[in-house]
*Asks:* 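Handing you a structure now.
Just so you know, these numbers come straight off a predicted model, no measurement behind them. Heavy atoms only: backbone and side chains are in, while hydrogens, waters and symmetry mates are out.
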Amino acid sequence: MPEVMFAGPDGRLEGRYHHSKEPGAPVALILHPHPLHGGTMNNRITYSMYQAFQKLGCSVMRFNFRGVGRSQGRYDGGIGEIGDAAAALDWMQAVNPGHGGLWIAGYSFGAFIGMQLLMRRPEISGWVSVAPPANHYDFGFLAPCPCGGLMLHGDTDELVPEPAVRKLVDKLNTQKNVHVDYRVIPGADHVFASHADTVSDAIDDFCGKAIARKQMALAAD
């Protein structure tokens, strides 16, 4: 799990990167929770997501947004953080020129940034959003959402009530050619205190099947 430092829009950013041994492996970028509420790339759920994509054979990176850990700069209300995520994506694409698909996965604030990045980068082929803060941010920018993905939420989330996320999912699923696989995790709150394995298993199931489908399609060409 080598440490990497790469150029962001407001200074150098600190990350951890795993490079797949498989040529043409998919690439996954993991985004952590809110910097002002203790969110870092070492958050337990962020790390679980990182490990899940690593087990799927992906080249995967998690990194600290500006002002977190050894990343330079200061918190920018989400605007600059989208630029940070775009810079991380640029770095990963440069290191993996022949990758087999691009995944963006975010938790809480990271889910909001990930969906913003999805709208700006058409090369992203799949996404995972864990506990998206649908009651704190307007997700109306997902119109249209470019592709389907996986959304996970806890039914006892005290910060983001589950119905707010269900409303977002229902809205996305009315869009043409978009299917969001929405999985509500019983007993999970916003920090998924004892449900990290459930999150990992869901990523393994959903993303593993999607990656296998893409590989089969490429093999058939």
*Asks:* Could you check whether D90 pairs with R121 (Lys NZ or Arg NE/NH1/NH2 to Asp/Glu carboxylate O, under 4.0 Å)?
*Replies:*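 Yes, charged N to carboxylate O under 4.0 Å.
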
*Asks:* Can you tell me how far CZ of F139 sits from CG of L168, rounded to the nearest 0.5 angstrom?
*Replies:*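 Interatomic distance, L168 CG to F139 CZ, rounded to 0.5 Å: 6.5 Å.
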
*Asks:* If you round to the nearest 0.5 Å, how far is CG of L31 from CG of L117?
*Replies:*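 So the CG of L117 and the CG of L31 are separated by 7.5 Å.
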
*Asks:* Fit a plane to each ring of F53 and W103, take the angle between them on a 0 to 90° scale, and name the class: parallel (under 30°), tilted (30 to 60°) or perpendicular (over 60°).
*Replies:*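 F53 and W103: tilted rings.
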
*Asks:* Determine whether the aromatic ring centres of H32 and F65 lie less than 6.0 Å apart.
*Replies:* yes

*Asks:* Answer yes or no: is there a donor N or O on one side and an acceptor on the other, between the side chain of N135 and the main chain of L159, under 3.5 Å?
*Replies:*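 Indeed, once roles are kept as given, a pair shorter than 3.5 Å links the two residues.
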
*Asks:* Using 30° and 60° as the class boundaries, would you call the ring planes of Y50 and Y47 parallel, tilted or perpendicular?
*Replies:*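 Rings of Y50 and Y47: parallel, as their planes differ by under 30°.
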
*Asks:* If you count heavy atoms of other groups shown closer than 6.0 angstrom to CZ of R74, is the number above 12?
*Replies:*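 Not more than 12 within 6.0 Å, no.
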
*Asks:* Report the distance from atom CE of M115 to atom CG of L142, rounding to the nearest 0.5 Å.
*Replies:* 4.5 Å

*Asks:* Does one side chain, of N96 or S59, offer a donor that lies under 3.5 Å from an acceptor on the other?
*Replies:* yes

*Asks:* Tell me the closest heavy-atom pair linking A202 and L152, and the distance in Å.
*Replies:*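 Scanning both residues, the minimum pair turns out to be CB-CD2, 3.8 Å.
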
*Asks:* Do R183 and D205 sit within salt-bridge range, that is, some charged N less than 4.0 Å from a carboxylate O?
*Replies:* yes

*Asks:* Measuring from C145:SG to Q175:CD, what's the distance to the nearest 0.5 Å?
*Replies:* 6.0 Å

*Asks:* Do P26 and C58 have side chains that get closer than 4.5 Å, going by heavy atoms?
*Replies:*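 Sidechains of C58 and P26: in contact.
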
*Asks:* Please find out if less than 6.0 Å separates the ring center of F63 from that of W91.
*Replies:* no

*Asks:* CD1/I124 to CG/L29 distance, rounded to the nearest 0.5 angstrom?
*Replies:*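 So the CD1 of I124 and the CG of L29 are separated by 8.0 Å.
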
*Asks:* When you compare the side chain of D157 with that of E162, does any pair of heavy atoms fall below 4.5 Å?
*Replies:*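 E162 does not reach D157 side chain to side chain.
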
*Asks:* Any side-chain heavy atom of Q72 within less than 4.5 Å of one from D10?
*Replies:*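 No, their side chains stay 4.5 Å or more apart.
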
*Asks:* Please name the residue in the list H37, H136, H190, H34 that meets the side chain to side chain donor-acceptor pair (under 3.5 Å) test with S108.
*Replies:* H190

